[in-house]
Amino acid sequence: MRRNPLVLLIAFASFAAGGRVDAQTAQTAQPSRASWSSPADTTAYVRLIFIANCFTAAENSAFKYAAANLVAEYERDTASRQVVRRIYFDNARQIVDSINRQRLVIRSVDFLSHSRDDRIGATMTRGNVQYRTSLFESREHMEEARVLADAEGGDLHNSSRMASIEEIDFSHFSYDAVVEIHGCHAGTGVDSLPANICRRLSQALYMSGKQLAVVIGHGTRANPNASRPAGTHSGAAAAPGPGFKESILAQDYRHGLRMVYFNGRTVLATRVSGAIPQTAIISAIIQAQNAGGRGSRNRRINYP
């Protein structure tokens, strides 16, 4: 159902003026399905940072330091009542359960892990056995992965700790939530690609009444070092060297081509480094809504 663009215009005017619509107003103003748990505390909000700790030591280190930089950036916002939580995970059930148990309104979620177009990667090792425990964009793709793993054999086994985004209760999110997947290729593809996890997440948020919520994913390979070209990254934090722009303590995946998804389609493609300005995101949403989806896809912006 097409939403009233007036809601978007009012929100954009608020942000452009330096203001913000508080979480309580957003939750009471926007429709959402009933929560599966206790009602959320709408006087404050939470930012969740999920950090994979199930890969190599070097890869886990890159995710850890990138998360530390996100925390430092979020905590510079002293004007809002917020809690920033780091959650280390090795399976998708931890992600789903952590989101569904939240009592505070979720303003943002960051995933620091390997990824591909249809999943956020995770593995779990028990004894000498390694299990696939990824979060999939749909139950269908999760079951396909089970079947292929059983048919092909190999070292990676199926696990009951896999999950799909259909198990997430999106009523816990704020109306303008931002979800960012920092791994490779999560934003890859075009609007018609059904397996894109960014597309599915943004649709689920919108259908839950989150009218300004977006999902951000990389359109190419991601790496934590802005000075290294895309496509040369193994996922590991790199030691400083000649021409190295950032120290090992300043890992950040927010550079290169990133796609912003709103209600199942891309509204913005950008190479801006760091956080994408919220005014730019909302402006792109408004243009997409006003255009009715015509000529607004993959709009590109670049900031200095």
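- Heavy-atom minimum distance, V71 versus R86: CG2-NE, 3.7 Å.
- Applying the ring-ring contact (aromatic ring centres under 6.0 Å, His included) rule to F89 yields no partners; only residues at least two apart in sequence or on another chain are considered.
- Between E166 and R200 no salt bridge is recorded (no basic side-chain N to carboxylate O distance below 4.0 Å).
- With sequence neighbours excluded, the residues forming a salt bridge (charged side-chain N to carboxylate O under 4.0 Å, His left out) with D97 are R93, listed by chain and number.
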Taking it one step at a time, do I95 and I99 satisfy side-chain contact (heavy atoms from CB on, under 4.5 Å)? CA-CA 6 Å; I95 296 172; I99 291 174; 4.1 Å; yes

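- For the residue pair F173 and V105, the shortest heavy atom distance occurs at C-CG1, 4.0 Å.
- Ring geometry, F50 versus F111: the interplanar angle falls under 30°, so the pair is classed parallel (tilted spans 30 to 60°).
- A donor-acceptor pair shorter than 3.5 Å cannot be found between the side chains of N290 and Q287.
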Derivation and outcome, salt bridge (Lys or Arg N to Asp or Glu O under 4.0 Å), residues R107 and D176: CA-CA 7 Å; R107 179 68 184 278; D176 59 348; 3.4 Å; yes

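- Looking at H182, its side chain never comes within 3.5 Å of a backbone N or O of L112 through a donor-acceptor pair.
- Criterion: ILVMFWY side-chain heavy atoms under 4.5 Å apart, direct or through other members. Under it, I281 and Y206 are part of a common hydrophobic cluster.
- Counting only distance, with no hydrogens or angles, the side chain of H218 and the backbone of Y253 share a donor-acceptor pair below 3.5 Å.
- Ion pairing of R116 with E137 is absent here, as no side-chain N (NZ or NE/NH1/NH2) approaches a carboxylate O to less than 4.0 Å.
- Using a 4.5 Å heavy-atom threshold, the side chains of I87 and L48 count as touching.
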